Each structure stands twice: as structure tokens, then as C-alpha cells.
**Q** 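Mind having a look at this structure? Questions to follow.
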Amino acid sequence: MTRVAVVANPAKLDDPESTRRVVDGVLADHGLEPALWFETTAEDPGCGQTREALEQGADLVCAIGGDGTVRAVGDVLAGGDVPLGLLPAGTGNLLARALDLPLTSLEDALGIALDGRTHRLDVGGLRVDGADEELVFLVMAGMGLDAEAMAHADERLKGAVGWPAYLVSGARAAVRGGFTANVQTRGGQAMTRTVRAVVIGNSGRLQGGVELLPEASLDDGLLDVAVVAPRGLAGWIRTIATVFSSGRSHAHLERRQTTDVRVSARHPTAVQLDGDALGEHRVLTCRVRPGALPVQLPAEQD
């Protein structure tokens, strides 16, 4: 690496200037110039800043912020050859968790970004309600319960306890009724049923290390789909037990692997993209983009 850029969400950093000094100190130890530093805004969560970094000659772009910042940077880098470096910040760090990257040490994470190897990961492409614009997700997209949990999580509670705040909002969402959805995967039989959530994952790992999609892989050229449809208390108990034990699919939790999937709800339903609420929509169309995103991983990792 010769020119490193950092796209940072200042709202996720306790002291942005101190963080910048740490980054530049690590770069100096590697004989590199101070980072090109770009801060996100409410109007631009990182896409414009990443494009500017590339225009200024960055050959490594590091994202430090929430999952939305990582997704915005990855959206621009996908399809190119400049790799993404993942630096910990925020509550989720979903992609970093899925890759078992450091979550508490900025210095260790930046060291991997600088000294590690580049590995290409799949990304998901998603369109809502037939829109022309395709959005990118790196970890998971979903409709229903998971999206409601993300949308209604208390920000103060997230700041105090971290990811368990989503359990609280998820429990509240779980008491509401389900929704009717049609799920069609490429080459699979379409299903129409009342569900609580439909999750499309590039990775299967949830907050807390729980594997909703145990067969999912970030580089297998496939998306994994979970149709969550428990009925009654017994159904919820079996579904939760299956998730925590990585058990096999059943009527309350059906899993599929595919390259393309279309989810159509009877009524507008909450949607999330890598933990960011997208509002309510009726139709999701997703596809996999194999090997689209170069990411820095530890040199010794297979």
C-alpha cells in the first residue's frame, strides 16, 4: 500500500481527532504518509467520500464507523481492485465479526489492513419495488422481524449495552403478527406463507455470534435464504433452538441456497440492509455478485 484513505463516521467515534492520530501513527510506523481522511455526513454516508479517495489515488480505503459506513464504502469499491480495510467502530461491525477481525483494537485492525492479504468476497445486490437502482449489501438483507428490530432499537440503549439492544426491540417486534410473503429462489419451488421474517444472507452470523445460516459463506458465489415462520410458542421455541444449535431446516425455519431470490409481501413491510432500516417495501429482488469486493484479511488466514 502506498496511499491509504480512511472514510470515517465521526458520530461513531468518541474522539475523531485522537482516532486520526492513532491511524497516522500506525501509518508512520509502516513508512507511509498520513491518511487521506474523509468524514461522512448525514447526506452522504460514505459513497461520495470513497469516490473522492479513489480519485486522489488511494490504493487502500479503510472504513471506520457503523455498518452503514462499511456498506457505503464497499458499495463503491465493489467491482474494482482497490481493497477495503475494516476498522472497528459502532455497535454492529457485522462484516468484521463475520471475518473474525479485531473489534477492540484499532492498531491491530489497521495492521491487518496494511500487512494482510487481499481476498475477494461476494456481495449481494438488492432492488426494492422494481427500482432501477441496485443497492449493495455485504452481510444480510431482510424483510420483517429483523428489519423492525433494527429500525426500532433504542439508540441510547445501543450506546450503553451494544448489540443486546437489538434483542429488546426484536422481542417487541416478535409479539406482532407476521406477514404474507411469496419467496421464489432460482431453480427452487415458490412458496407463499405467513412468515415473521425473510433473511437473505451473504454471511449467516448474527449479533452475538449466533449462526442463522450455518452453511453461508462470504465467498461461495451463493446467497443463503432463511424463511422464519414459527407458529405459536412451540414454534418459537423450536426455531430459537434450531438457530442456537445450527440445526436442520424445518417448517418453522426453512433455509435455501441460491444465486437469485425474489420476496414479495402482500403489504408494505419493514426492510433492512446490513442493519440499516430502508423503510417499508413490498418487493425485494436480490442477486449475488461473486467475488466483487476485495477485502484485507490476515496474512495467515486461509
Side-chain angles (χ1 to χ4, degrees), residues 1-8 19 22-38 46 49-51 53-54 56-67 69-90 92-125 136-140 201-205 209 211 213-224 274 288-302:
M1 306 302 172
T2 59
R3 201 69 177 106
V4 177
V6 174
V7 177
T19 300
V22 171
V23 168
D24 287 343
V26 174
L27 293 180
D29 290 342
H30 283 72
L32 298 174
E33 297 179 6
L36 299 169
W37 189 270
F38 304 91
Q49 294 87 342
T50 305
R51 294 189 187 98
L54 296 178
Q56 293 191 29
D59 52 12
L60 169 67
V61 181
C62 296
I64 179 167
D67 294 310
T69 305
V70 173
R71 183 175 66 83
V73 176
D75 191 344
V76 175
L77 296 182
D81 295 320
V82 173
L84 168 67
L86 294 167
L87 307 183
N93 293 296
L94 290 173
L95 185 58
R97 291 178 190 273
L99 294 168
D100 294 320
L101 294 176
L103 300 176
T104 59
S105 172
L106 177 60
E107 293 90 340
D108 289 349
L110 184 54
I112 289 172
L114 296 172
D115 298 328
R117 66 183 183 88
T118 304
H119 182 70
R120 302 194 74 94
L121 305 181
D122 305 333
V123 301
V136 160
F137 64 95
L138 308 181
V139 182
M140 284 185 185
N202 189 31
S203 165
R205 187 176 299 181
E211 293 284 356
L213 300 163
E215 296 184 5
S217 173
L218 286 159
D219 57 3
D220 62 356
L222 295 170
L223 295 174
D224 286 58
D274 281 350
V288 68
R289 295 172 57 186
L293 180 64
V295 176
Q296 291 300 99
L297 300 181
E300 70 274 10
Q301 184 170 319
D302 293 332

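Fair warning: this is a prediction, and the values are worked out from it, not measured in the lab. Keep in mind that the numbers below use all heavy atoms, side chains included, and drop hydrogens, waters and symmetry copies.
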**Q** Measuring from atom CG of Leu103 to atom CZ of Arg97, what distance do you get when rounded to the nearest 0.5 angstrom?
**A** 5.0 Å
**Q** To the nearest 0.5 Å, how far apart are CD in Gln56 and CZ in Phe38?
**A** 4.0 Å
**Q** Looking at every non-hydrogen atom in both residues, tell me the closest pair between Thr50 and Gly46 and how far apart they are.
**A** OG1-O, 2.7 Å
**Q** Of the non-hydrogen atoms in Ala216 and Asn202, which two are nearest, and what is the gap between them?
**A** CB-O, 4.1 Å
**Q** Can you find a heavy atom in the side chain of Asp24 that is under 4.5 Å from one in the side chain of Glu33?
**A** no
**Q** Considering non-hydrogen atoms only, spot the tightest contact between Ala98 and Ser203 and give its length.
**A** CB-OG, 3.4 Å
**Q** Side chains of Val139 and Val70: closer than 4.5 Å at any heavy-atom pair?
**A** no
**Q** Looking at every non-hydrogen atom in both residues, tell me the closest pair between Asp220 and Asp122 and how far apart they are.
**A** N-OD2, 3.1 Å
**Q** Of all heavy-atom pairs between Ala53 and Ala5, which one has the smallest distance, and what is that distance?
**A** CB-CB, 3.6 Å
**Q** Dump the intermediate steps for side chain to side chain contact (heavy atoms under 4.5 Å, CB included) on Leu36 and Val4, then the final yes or no.
**A** CA-CA 6 Å; Leu36 299 169; Val4 177; over 6 Å; no
**Q** Flag the pair Leu110 / Cys62 as yes when at least one side-chain heavy-atom distance between them is below 4.5 Å, and no otherwise.
**A** yes
**Q** Can you tell me how far apart CG (Leu54) and CZ (Arg3) are? Round to the nearest 0.5 Å.
**A** 13.0 Å
**Q** Which residue in the set Leu138, Asp274, Asp67, Leu101 passes side chain to side chain contact (heavy atoms under 4.5 Å, CB included) when paired with Leu95?
**A** Leu138
**Q** Would a 4.5 Å heavy-atom cut-off, applied to side chains only, mark Pro294 and Thr118 as touching?
**A** yes
**Q** When you compare the side chain of Leu114 with that of Leu60, does any pair of heavy atoms fall below 4.5 Å?
**A** yes
**Q** Do Leu94 and Met140 have side chains that approach each other closer than 4.5 Å (heavy atoms only, starting at C-beta)?
**A** no
**Q** Within a strict 4.5 Å, meaning less than it, do heavy atoms of the Gln296 and Leu86 side chains meet?
**A** no
**Q** One pair to check against side chain to side chain contact (heavy atoms under 4.5 Å, CB included): Val288 and Leu222. What are the steps and the verdict?
**A** CA-CA 6 Å; Val288 68; Leu222 295 170; 6.0 Å; no
**Q** Yes or no on side chain to side chain contact (heavy atoms under 4.5 Å, CB included) for Ile64 and Val7, after CA distance, side-chain angles and deciding distance?
**A** CA-CA 6 Å; Ile64 179 167; Val7 177; over 6 Å; no
**Q** Are Arg51 and Asp75 close enough for a salt bridge, meaning some N to O gap below 4.0 Å?
**A** no
**Q** From Asp59 CG over to Thr2 OG1, what is the distance, rounded to the nearest 0.5 angstrom?
**A** 3.5 Å
**Q** His119 versus Leu218: any side-chain heavy-atom pair under 4.5 Å?
**A** no
**Q** Can you see which heavy atom on Glu107 is nearest to which on Val22, and at what distance?
**A** OE2-CG1, 3.6 Å
**Q** Rounded to the nearest 0.5 Å, how far does CG of Leu87 lie from OG of Ser105?
**A** 10.5 Å
**Q** How long is the straight-line distance from CZ of Arg117 back to CD1 of Ile112, given to the nearest 0.5 Å?
**A** 11.5 Å
**Q** How far apart are the C-alpha atoms of Asp81 and Arg120, what are their side-chain angles, what is the distance that settles it, and do they pass the side chain to side chain contact (heavy atoms under 4.5 Å, CB included) test?
**A** CA-CA 9 Å; Asp81 295 320; Arg120 302 194 74 94; 3.4 Å; yes
